[in-house]
There are 2 protein chains.
Amino acid sequence: MSQARERGIPDATVARLPLYLRALNGLAERGTATVSSEDLAVAAGVNSAKLRKDLSHLGSYGTRGVGYDVQYLIYQISRELGLTQDWAVAIVGVGNLGRALANYGGFVSRGFRVAALFDADTSVVGERLVGMPVEHIDELEDVIRTRDISIVVIATPAAAAQPVADRVIASGITSILNFAPVVLNVPDGVDVRKVDLSTELQILAFHEQRKADRESGSPIMAENLAEAMDA
Amino acid sequence: MSQARERGIPDATVARLPLYLRALNGLAERGTATVSSEDLAVAAGVNSAKLRKDLSHLGSYGTRGVGYDVQYLIYQISRELGLTQDWAVAIVGVGNLGRALANYGGFVSRGFRVAALFDADTSVVGERLVGMPVEHIDELEDVIRTRDISIVVIATPAAAAQPVADRVIASGITSILNFAPVVLNVPDGVDVRKVDLSTELQILAFHEQRKADRESGSPIMAENLAEAMDA
DNA sequence: CGCACTTTGTGCATGTCTTCACAAAGGGAT
DNA sequence: ATCCCTTTGTGAAGACATGCACAAAGTGCG
Ligand SMILES: NC(=O)c1ccc[n+]([C@@H]2O[C@H](COP(=O)([O-])OP(=O)(O)OC[C@H]3O[C@@H](n4cnc5c(N)ncnc54)[C@H](O)[C@@H]3O)[C@@H](O)[C@H]2O)c1
Ligand SMILES: NC(=O)c1ccc[n+]([C@@H]2O[C@H](COP(=O)([O-])OP(=O)(O)OC[C@H]3O[C@@H](n4cnc5c(N)ncnc54)[C@H](O)[C@@H]3O)[C@@H](O)[C@H]2O)c1
C-alpha cells in the first residue's frame with residue numbers, strides 16, 4: 001500500500017504546495033468542482049507528472065478517470081501546510097519595507113495574522129498601522145510570549161538582523177523570514193527563509209547577459225531580430 | 001584539462017554566486033586580502049566543498065595552499081553575473097511595495113539602476129520618487145525602448161500582472177521579477193523570477209507545524225484523522 | 001633543495017528531484 | 001455485464017546536486 005503518510009514530504013514538494021493551493025483557489029472562485037492533474041498543472045505552471053507525484057505524498061485524494069475534487073484538495077493541502085490554524089506573525093523593523101508588509105492584505109487572508117510590529121526608532125514607535133501600534137524593540141521578548149507569536153519577519157537594516165534574530169530565537173521562535181541581506185546564523189531546529197531582491201536581480205542579469213552573448217557571438221544562431229525592431 | 005569555460009554553469013551554482021559575492025564584499029570591507037574556501041564557506045553559510053565546486057565552474061581562480069584573492073574573485077564573479085555593466089530596471093506598480101523598492105538604496109549600488117517608474121493610477125502619475133517622476137503606463141513601450149530598460153519589476157495587483165507582462169515582453173524585455181502572486185505565462189526565452197511572501201510563510205508554517213506535532217502528539221493520531229474524513 | 005604543511009580542484013559515491021510511461025482504477029454508455 | 005474512455009498513482013530511468021576524500025599544487029622554513 002501507499003506509504004504516503006510516512007512523515008517526510010520532500011522539500012521540493014512542500015515548496016510547491018502553496019502554488020497548487022493558489023491555483024486551486026482560483027479554480028474554486030470560478031466555480032470549478034473537479035480538476036484533472038493536467039489542467040491543474042497548467043494553472044500552476046508545472047509538469048503534470050510532477051504534480052501528481054507531489055500530491056501522492058499527501059495521500060491518495062484523486063479519483064481515476066475524474067480528477068481531483070477542488071474543495072477537498074484545498075482542504076487537504078491547507079491542512080498539510082498548517083493553514084487550518086492561525087499563525088501570529090510579528091514584523092520587526094517598520095521602515096519602507098516593513099510598512100509595505102504591514103499594509104499588505106494578501107497574507108492576512110490565509111492563516112496568517114500580523115500580531116505585533118516592532119521598531120527601535122522612538123519616532124516610529126507609537127505610530128499606528130493597520131490598527132496596531134508600533135512597539136519598542138525592548139518589548140520584543142514579552143510580546144512574543146504573551147501574544148503567542150510563532151513566526152517573525154525581519155525587515156531591519158542588515159546590521160540589526162543578526163542581533164534581532166538572536167533575541168527572537170532566545171524567546172523561543174523557530175521560524176524566521178528574513179528580508180535583510182545577510183546570512184543569519186541560527187542553531188539547529190530554527191528555520192530561516194530569506195527573500196532577497198538583489199540576489200534575484202543578479203540571477204536575472206546573469207541570464208540576460210548570456211542571452212546577449214549568444215546573439216552576438218554565435219554565427220549560427222545570429223538573428224538580427226532585435227535590430228529590425230530598433231529601426 | 002578543465003572544461004570549466006564550456007558554457008553551462010549549473011543553475012544551483014548561479015543562484016549561490018550572489019551569496020558568495022556578498023560575503024566577499026563583507027571581507028573586502030574589513031580589509032581581508034585572501035580567503036580560504038573554508039572561511040568563505042562559513043561566511044556564506046554553505047559547505048566548503050560545494051563552494052569550491054561552484055567556483056571551479058567559473059575557472060581556476062584560487063591558489064593552492066593560499067586560498068582566493070578577495071578582490072580578484074569579486075571581479076570574476078561580478079563579471080560572470082554581468083554586474084560589470086549597468087542594468088536599467090523599471091518598476092511597474094508604485095503602490096506600497098513599489099514605493100519601498102524604489103526607495104531601497106541597496107540594489108542601486110551594485111550594477112542596477114532604477115530608470116523608470118510606471119503606474120496606471122493618475123493620482124500617482126507625476127509624483128516624484130528618488131528624483132524620478134512616476135510615468136503613466138501608456139508610456140511603457142516607448143520608455144522601455146528609449147531608456148534601454150532590460151529588467152522589469154512587476155509590483156502591481158495580481159490581476160494586472162499578466163497584461164503588464166505581455167506588454168513588456170512585446171516591447172522586447174526578456175527578464176522579469178514578479179512580486180504579484182500569480183503564475184505568469186511567458187514565451188520561451190523569457191526569464192521570470194518571483195518573490196512570494198505568502199509562499200514563504202506557508203513553507204515556514206509547514207515546518208513549524210511539524211515541529212509542534214513531533215513534540216506533543218504521537219504520529220498515529222494524524223493517520224486516524226485522515227481516515228475519519230475518508231468515510 | 002627537500003620536507004612539512006596548507007588548500008585547491010575534482011573523481012566518485014550518494015542522495016534528491018524530475019520525467020516518462022503504463023498498469024490499475026473508476027465512470028458511463030449500451 | 002461488458003467495453004471503452006479518461007485519468008490517477010507509481011516504478012524505473014535519467015538528470016541534477018551534494019559532499020567526501022584525496023591527489024596535485026602551491027608556500028615557506030630550515
Ligand atoms: N525596501 C526594499 O525594497 C527592500 C528590498 C530588499 C531588501 N530590503 C532589506 O530590508 C531591510 C529593510 O529595508 P527598508 O528599506 O525598510 O529599510 P528602512 O531603513 O526604511 O527601515 C528599517 C527599519 O528598521 C528599524 N530598525 C533598525 N534597527 C532596528 C532594531 N535593532 N530593531 C528593530 N528595528 C530596527 C529602523 O528604525 C527602520 O525603521 C533592509 O535590510 C533592506 O536591505 C529592502
Ligand atoms: N505589499 C507587500 O508587502 C506585498 C508583499 C507580497 C506581495 N505583494 C504583491 O505585490 C503587489 C503590489 O502590492 P502593493 O501592496 O504595493 O499593492 P498596491 O495596491 O499598494 O499597489 C499596486 C499599484 O499598482 C498600480 N497598478 C494597478 N494596475 C496597474 C497597471 N495595469 N499598470 C501599472 N500599475 C498598475 C496601482 O495603481 C497601485 O499603485 C501585489 O500583487 C501584492 O500581492 C505585496
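Since the model is a prediction, treat every value here as computed from it, not as a measurement.
Rounding to the nearest 0.5 angstrom, the gap separating the CD1 atom in B/I154 from the CD atom in B/Q162 is 8.0 Å. Between the CG atom of B/L97 and the CG atom of A/L97 there is a distance of 7.5 Å, given to the nearest 0.5 Å. Summarising the geometry, atom OH belonging to B/Y104 is positioned 12.0 Å from atom CD1 belonging to B/I91; distances are rounded to the nearest 0.5 Å. The line from CD1 of B/I77 to OG1 of B/T84 is 13.0 Å long, rounded to the nearest 0.5 Å. With rounding to the nearest 0.5 Å, the separation of CG in A/D11 from CZ in B/F206 is 8.0 Å.
Put simply, the side chain of A/E80 does not reach to within 4.5 Å of the side chain of A/H57, judged on heavy atoms.
Atom-to-atom, CG of A/L51 to P of C/dC20 comes out at 14 Å; the value is rounded to the nearest Å. C/dT10 atom P lies 13 Å from atom OH of B/Y61, rounded to whole Å. Nucleotide C/dG9 holds its P atom 8 Å from the CG atom of B/L55, rounded to whole Å. The interatomic distance linking A/D39 (CG) with D/dT7 (P) rounds to 8 Å, in whole Å. Rounded to whole Å, atom C1' of C/dT7 lies 15 Å from atom CG of B/L73. Between the C1' atom of C/dT19 and the CG atom of A/D54 lies a distance of 12 Å, rounded to the nearest Å. Between the C1' atom of D/dT18 and the NE2 atom of B/H57 lies a distance of 12 Å, rounded to the nearest Å. Taking atom CZ of residue B/R52 and atom P of nucleotide C/dG11, one finds them 14 Å apart after rounding to whole Å.
A heavy atom closer than 4.0 Å to some atom of DNA chain D occurs in A/S36, A/S37, these being the qualifying members of residues 22-37 of chain A. Contacts with DNA chain C (heavy atom under 4.0 Å) in residues 62-71 of chain A: A/T63, A/R64, A/V66, listed by number.
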### Query
Step by step, would you call B/L51 with B/N47 a side chain to side chain contact (heavy atoms under 4.5 Å, CB included)?
CA-CA 6 Å; B/L51 179 126; B/N47 173 300; over 6 Å; no
### Verdict with reasoning, B/R210 to A/D191, per salt bridge (Lys or Arg N to Asp or Glu O under 4.0 Å)
CA-CA 12 Å; B/R210 249 188 10 168; A/D191 284 305; over 6 Å; no
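A distance of 6.0 Å or more separates the ring centres of B/Y68 and B/Y61.
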Under-3.5 Å N/O pairs linking protein and nucleotides 11-17 of chain D:
from: D/dG11; atom 1: O6; to: A/K53; atom 2: NZ; distance (Å): 3.2
from: D/dA12; atom 1: N6; to: A/K53; atom 2: NZ; distance (Å): 3.1

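Between the side chains of A/S198 and B/R22, a donor-acceptor pair is found at a separation under 3.5 Å. A donor atom on one side chain and an acceptor atom on the other are not found under 3.5 Å apart for A/E29 and A/N25.
Here A/N47 does not reach the OP1 or OP2 of C/dC17: none of its side-chain N or O atoms lies under 4.0 Å away.
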